Protein chains: 2
Amino acid sequence: MSPKKEQLIKVATNLFSRHGFHPVGIDRILVEAGVARMTLYNHFPSKDDLISAVLERRYQDIMASLRASVEPTASAKEQLHAIFAWHEAWFGAPEFAGCLFERALAEFGTEYPKISTIAIQYKQTMTEWMRDILKTFLPEGAAARIASILVMLLDGATIDARAFHDPTVATRAWNAAEVLIEQANTRQA
Amino acid sequence: MSPKKEQLIKVATNLFSRHGFHPVGIDRILVEAGVARMTLYNHFPSKDDLISAVLERRYQDIMASLRASVEPTASAKEQLHAIFAWHEAWFGAPEFAGCLFERALAEFGTEYPKISTIAIQYKQTMTEWMRDILKTFLPEGAAARIASILVMLLDGATIDARAFHDPTVATRAWNAAEVLIEQANTRQA
DNA sequence: AATTAGATAGAACGATCAATCTATGTTGTC
DNA sequence: GACAACATAGATTGATCGTTCTATCTAATT
């Protein structure tokens with residue numbers, strides 16, 4: 001892919017993450033990326049398409065990073081713990097400014113499918129991934145139920161980490177997750 | 001308070017909830033409220049002040065509604081259950097479009113204190129309220145820890161309810177909350 | 001050397017936005 | 001009936017926005 005296009009996605013991701021989609025104008029992206037106006041419109045038909053590309057890229061990057069942090073040989077519980085630990089590291093990173101997908105959902109709602117689809121897909125992928133891990137030692141129904149809860153915990157933790165500037169919410173979230181998993185495990189055994 | 005001012009807050013709350021703060025312009029509020037431009041600027045120095053007033057009002061309304069739905073004579077667990085039940089009813093309401101405070105945080109971040117302060121205050125009030133309820137039958141540390149978890153669950157449920165158009169997440173969230181409360185209770189007894 | 005594709009800077013357009021100004025109209029009170 | 005307080009409609013300003021247009025420049029390919 002063109003290095004200019006690459007640069008645009010990278011800079012736009014940064015600015016959108018820090019300030020939101022609406023408040024960041026095209027000009028600001030152009031200046032910070034060192035790219036001409038028409039170069040942007042040659043690669044992306046409109047700002048919305050740039051936003052879509054940013055979210056798409058972000059989705060690929062996050063899933064790759066998450067999957068890389070989870071040892072495939074580890075136990076199911078260790079795999080789930082790794083997912084929560086990944087979030088804690090993320091919350092503590094200096095550039096952390098909340099989840100870009102939440103922001104997209106909050107700013108555009110579900111009215112712009114081109115944008116909200118990716119945000120919802122991310123949530124679904126996470127839910128299914130954790131459900132599959134849980135299914136290795138829990139019945140299908142319990143696995144699906146708890147996976148839904150784990151997603152809620154992670155979503156809530158992401159919000160609270162930003163609102164309170166407190167990365168340790170991830171630890172508390174994992175402690176709760178552990179209790180719920182244990183309880184479901186002993187109850188079915 | 002002036003009926004016009006009242007009307008402006010009501011209409012602005014509606015529009016902001018449905019479409020967000022940035023996309024809704026002054027003109028749209030004026031037309032829908034049937035109010036003249038200068039009337040708005042006589043009551044609110046700027047759009048930001050209108051947003052602040054909307055959030056302030058929303059905070060008062062939500063807390064009043066929540067407190068009214070919780071029987072003071074009920075048991076601690078029943079009180080917490082009432083809070084989750086309130087959320088489920090909210091998620092199922094036809095006008096539900098996510099939490100206005102989350103939206104404010106997502107659109108403005110923590111850079112605009114006049115706006116983000118109220119959103120954070122709401123979260124803190126909820127945390128302290130549930131912590132106090134939990135303290136009636138749990139040690140202080142456990143109560144604070146679980147209160148933080150319950151807030152995460154509610155925040156996550158609010159997000160997922162909107163993203164998936166699924167009000168039943170509240171029930172799952174409460175089931176998880178119940179397990180966590182029971183476990184903390186038996187562990188300390 | 002000629003051609004072509006892509007990038008550049010910068011002006012310009014039309015639309016929208018928050019906010020201000022002006023001048024008229026309505027309402028209730030003394 | 002006069003006064004004061006508030007509300008009205010609408011033009012207007014200045015800024016910002018996404019997008020388009022034009023014309024020049026660079027670099028690789030033939």
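The structure displayed is predicted, hence computed values, not measured ones. Sequence lines set the chain letters: A, B, ... in the order given, protein chains first and strands last, and positions in each chain run from 1.
Across all strands, A/His22 comes closer than 4.0 Å to no nucleic acid atom at all (heavy-atom distances).
Between D/dC6 and B/Thr39, no contact under 4.0 Å exists linking OP1 or OP2 to a side-chain N or O.
One interatomic measurement links the two molecules: CD1 of B/Ile29 to P of C/dA18, which rounds to 8 Å at whole-angstrom precision. The nearest whole Å value for the distance from the NE2 atom in B/His19 to the P atom in C/dC17 is 13 Å. Taking atom CG on B/Leu15 and atom P on C/dC17, their separation rounds to 12 Å, with Å as the unit. In this structure, B/Leu40 atom CG and D/dC6 atom C1' are separated by 15 Å, rounded to whole Å. Spacing between atom CZ of A/Phe21 and atom P of D/dG18 amounts to 13 Å, rounded to whole angstrom units. Taking atom CG of residue B/Leu8 and atom P of nucleotide C/dA18, one finds them 14 Å apart after rounding to whole Å. The nearest whole Å value for the distance from the OH atom in A/Tyr41 to the C1' atom in C/dG6 is 18 Å. In this structure, B/Asn42 atom CG and C/dT20 atom P are separated by 11 Å, rounded to whole Å.
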Going by atom type alone, with no hydrogens or angles, which donor-acceptor pairs under 3.5 Å involve a side-chain atom of residues 85-98 of chain A and a protein atom two or more places apart or on another chain?
{"unit_1": "A/Trp86", "atom_1": "NE1", "unit_2": "A/Ser65", "atom_2": "OG", "d": "2.8"}
{"unit_1": "A/His87", "atom_1": "ND1", "unit_2": "A/Ile83", "atom_2": "O", "d": "2.9"}
{"unit_1": "A/Glu88", "atom_1": "OE1", "unit_2": "A/Thr171", "atom_2": "OG1", "d": "3.1"}
{"unit_1": "A/Glu88", "atom_1": "OE2", "unit_2": "A/Thr171", "atom_2": "OG1", "d": "2.9"}

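Residue-to-nucleotide proximity on DNA chain D shows that, of B/Gly34 and A/Lys47, the 5′-proximal contact is made by B/Gly34. Between A/Val35 and B/Gly25, the residue anchored nearer the 5' end of DNA chain C, judged by the nucleotide with its closest heavy atom, is A/Val35. Of the two residues near DNA chain D, A/Pro23 and A/Pro45, the one whose nearest nucleotide lies more 5' is A/Pro23.
For the residue pair A/Asn14 / A/Ser17, no side-chain donor-acceptor distance below 3.5 Å is found, with atom types taken as modelled. Side-chain contact check for B/Ser46 and B/Asp48: no donor-acceptor pair (N or O, by modelled atom type) lies under 3.5 Å.
Under a cutoff of 6.0 Å and an axis angle of 45°, A/Lys47 and A/Tyr41 do not form a cation-pi pair.
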*Give the B/S/- string for nucleotides 21-27 of chain C, one per nucleotide from 5' to 3', where a protein heavy atom under 4.0 Å of the base yields B, of only the sugar-phosphate yields S, and otherwise -.*
BB-----
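In this structure, B/Glu56 contributes its side chain and B/Ile118 its backbone to no donor-acceptor pair below 3.5 Å. Remark: the backbone N or O of B/Lys114 is paired with a side-chain donor or acceptor of B/Ser52 at under 3.5 angstrom.
For residues 146-156 of chain B, the side chain to side chain donor-acceptor pair (under 3.5 Å) pairs, not counting sequence neighbours, are A/Arg172-B/Ser148, B/Lys123-B/Asp155.
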